[in-house]
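Beneath this line is the structure, given in structure tokens, with notes to follow.
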Amino acid sequence: MTYDTIEFGISDGLAVLTLNRPDSLNSFNTQMHEEVRDALTRVEQDGTVRCLLLTGNGRGFCAGQDLSDRSVAPGDTPRDLGESIETNYNPLLRRLMALPMPVLCAVNGVAAGAGANIALACDIVLAARSAKFIQAFCKIGLIPDSGGTYTLPRLVGQARAMGLAMLGDAITAEQAESWGMIWKAVDDDKLKDEALALGRHFTTQPTKGLALIKKAIRASFDNDLDTQLDLERDLQREAGFTKDYQEGVAAFLEKRKPVFKGE
Ligand code: T3D
């Protein structure tokens with residue numbers, strides 16, 4: 001598939017997916033959903049990818065659903081948004097969260113609506129200091145989707161989640177960092193380099209172990225302590241059988257840098 005609405009490439013284990021409809025702040029239309037789906041399939045099937053970096057072109061990261069696809073003429077039946085969520089947004093969220101590798105997001109500008117929640121679903125989020133996060137849904141009569149009602153209270157607590165979702169106020173990258181919504185706010189002119197450096201770092205790390213960390217931390221929100229301890233036992237067993245674990249221990253004992261292959 002050739003891409004018009006995204007840019008996508010894989011190089012030395014790092015996949016970079018850049019949303020590319022800057023005139024509408026990279027809002028999602030049907031074509032962009034199709035192209036993102038195709039790119040994610042390539043990430044899943046490639047076999048060499050050890051980290052995915054998601055970002056956007058222009059002054060926005062993503063403004064959620066393209067609302068120019070959503071106007072309803074008088075007398076027409078409104079579109080079934082549940083169908084759109086089921087077909088497009090929910091599978092996207094599930095795939096990003098389940099990818100067996102770190103998923104980074106470099107929020108280069110405003111992230112609104114589904115755009116904000118897609119960013120917050122990634123494992124590590126860097127944001128340009130000028131970027132803003134907006135739960136814009138309430139302003140048009142919708143509820144936070146793309147996992148927002150799940151992710152937000154877990155990241156920032158119920159009081160802040162309610163405020164963000166019901167007021168739709170913009171919060172800055174620095175506020176998002178101080179609230180624990182994202183990993184780090186960085187200077188605008190450093191975002192790209194810092195995100196790429198982090199992405200390249202992850203391509204040299206024990207990918208299977210990182211995937212198991214992601215699985216355990218994501219599961220913890222829904223597990224009680226006993227269940228989580230059992231899960232840690234099972235995942236540690238899995239990690240202990242990886243070649244990268246053997247390499248990590250050998251390198252430590254030989255006082256050298258480990259060479260992890262993601263195996
Ligand atoms: O429908 C379903 O399938 C259900 C799923 C829904 C998921 C959702 O994401 S619902 C929420 C949709 N998103 C929004 O409500 C956000 C709408 N956008 C805004 O509120 C503002 O654009 C921003 C706060 C994000 C940024 O404001 P600002 O002042 O920096 O920029 P702007 O001038 O509003 O936008 C720049 C251009 O992008 C402008 O086009 P123009 O006038 O230059 O030709 C604007 O219309 C366009 N744009 C921004 N967001 C969208 C958009 N075009 C289409 N859809 C958008 N979501």
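Every value quoted in this text rests on a predicted model; they were computed, and no experiment measured them. Whatever order the structure lists ligands and atoms in, that order sets their numbers, starting from 1.
Grouping the Ile, Leu, Val, Met, Phe, Trp and Tyr side chains by contacts below 4.5 angstrom, directly or via other members, places L142 apart from L164. When the side chains of ILVMFWY residues are joined at heavy-atom separations under 4.5 Å, either directly or via intervening members, F28 and V103 end up in a single hydrophobic cluster.
Sorted by first and then second residue, the side chain to side chain donor-acceptor pair (under 3.5 Å) pairs with a member in residues 179-188 read R129-D187, S130-D188, K184-E194; sequence neighbours excluded.
Annotation: atom 24 (C) of ligand 1 to nearest protein heavy atom, I134 CD1, 3.6 Å. Protein heavy atom nearest atom 57 (N) of ligand 1, with residue, atom name and distance: Q65 O, 2.8 Å. Given atom 3 (O) of ligand 1, the protein heavy atom at minimum distance is S84 OG, 2.4 Å. For atom 20 (O) of ligand 1, the closest heavy atom belonging to the protein is A136 CB, 4.8 Å. Looking at atom 7 (C) of ligand 1, its nearest protein heavy atom turns out to be D145 OD2, 3.2 Å. Summary of contacts: the protein heavy atom closest to atom 28 (P) of ligand 1 is R59 NH2, 3.7 Å. The nearest heavy-atom contact from the protein to atom 25 (C) of ligand 1 is A112 CB, 3.7 Å.
Atom 39 (C) of ligand 1 has its nearest heavy-atom neighbour, among D23, L142, L25, in D23. Atom 2 (C) of ligand 1 has its nearest heavy-atom neighbour, among H33, R79, R70, in R70.
Contact annotation for S24 and ligand 1: heavy atoms of both the backbone and the side chain come within less than 4.0 Å of the ligand. Both the backbone and the side chain of A63 come within 4.0 Å of ligand 1, counting heavy atoms alone.
With ligand atoms numbered from 1 in the order given, ligand 1 contributes 1 (O), 2 (C) to contacts under 4.0 Å with heavy atoms of L81. Close contacts between ligand 1 and G64 involve ligand atoms 9 (O) [criterion: under 4.0 Å to a heavy atom]. Near S27, with a cut-off below 4.0 Å to any heavy atom, the atoms of ligand 1 are 54 (C), 55 (N), 56 (C), 57 (N). Heavy-atom proximity to F137, at under 4.0 Å, picks out these atoms of ligand 1: 7 (C), 8 (C), 9 (O), 10 (S).
For atom 46 (O) of ligand 1, the nearest protein heavy atom lies 4.0 Å or farther away. Shown here, atom 34 (O) of ligand 1 is out of close reach of the protein: none of its heavy atoms lies under 4.0 Å off. Distance remark: protein heavy atom present below 4.0 angstrom from atom 30 (O) of ligand 1. The protein reaches atom 53 (N) of ligand 1 closely, with a heavy atom under 4.0 angstrom from it.
At under 3.5 Å, not a single nitrogen or oxygen of S68, backbone or side chain, sits near a nitrogen or oxygen of ligand 1. Considering both main-chain and side-chain atoms, L67 comes within under 3.5 Å of ligand 1 through a nitrogen or oxygen pair. Residue Y89 has no nitrogen or oxygen atom sitting less than 3.5 Å from a nitrogen or oxygen atom of ligand 1, judged on distance alone.
In summary, the side chains of N117 and Q135 do present a donor paired with an acceptor at a separation below 3.5 Å, with no hydrogens or angles considered. No donor-acceptor contact under 3.5 angstrom links the side chains of T5 and Q31, judged on distance only. Side-chain contact of T204 with R50: a donor-acceptor pair under 3.5 Å is absent, judged by distance alone. A side-chain N or O of D66 and one of S68 form a donor-acceptor pair less than 3.5 Å apart.
The local environment of CZ in R94 is sparse, with at most 12 non-hydrogen atoms from other residues, nucleotides or ligands closer than 6.0 Å. Residue-environment remark: OH (Y245) stays at or below the threshold of 12 foreign heavy atoms within 6.0 Å. Residue M1 places its CE atom among more than 12 non-hydrogen atoms of other residues, nucleotides or ligands, all under 6.0 Å distant.
For the pair L54 and I118, the minimum side-chain heavy-atom distance is below 4.5 Å. Between L196 and L14, some side-chain heavy-atom pair lies under the 4.5 Å cut-off.
Residues satisfying the side-chain contact (heavy atoms from CB on, under 4.5 Å) test with D224, not counting sequence neighbours, are D226, T227.
Using a 4.0 Å cutoff on heavy atoms, K139 does not count as a contact of ligand 1.
Ion pairing between a basic and an acidic side chain is recognised when a charged N comes within 4.0 Å of a carboxylate O; K190 and D193 show no such pairing.
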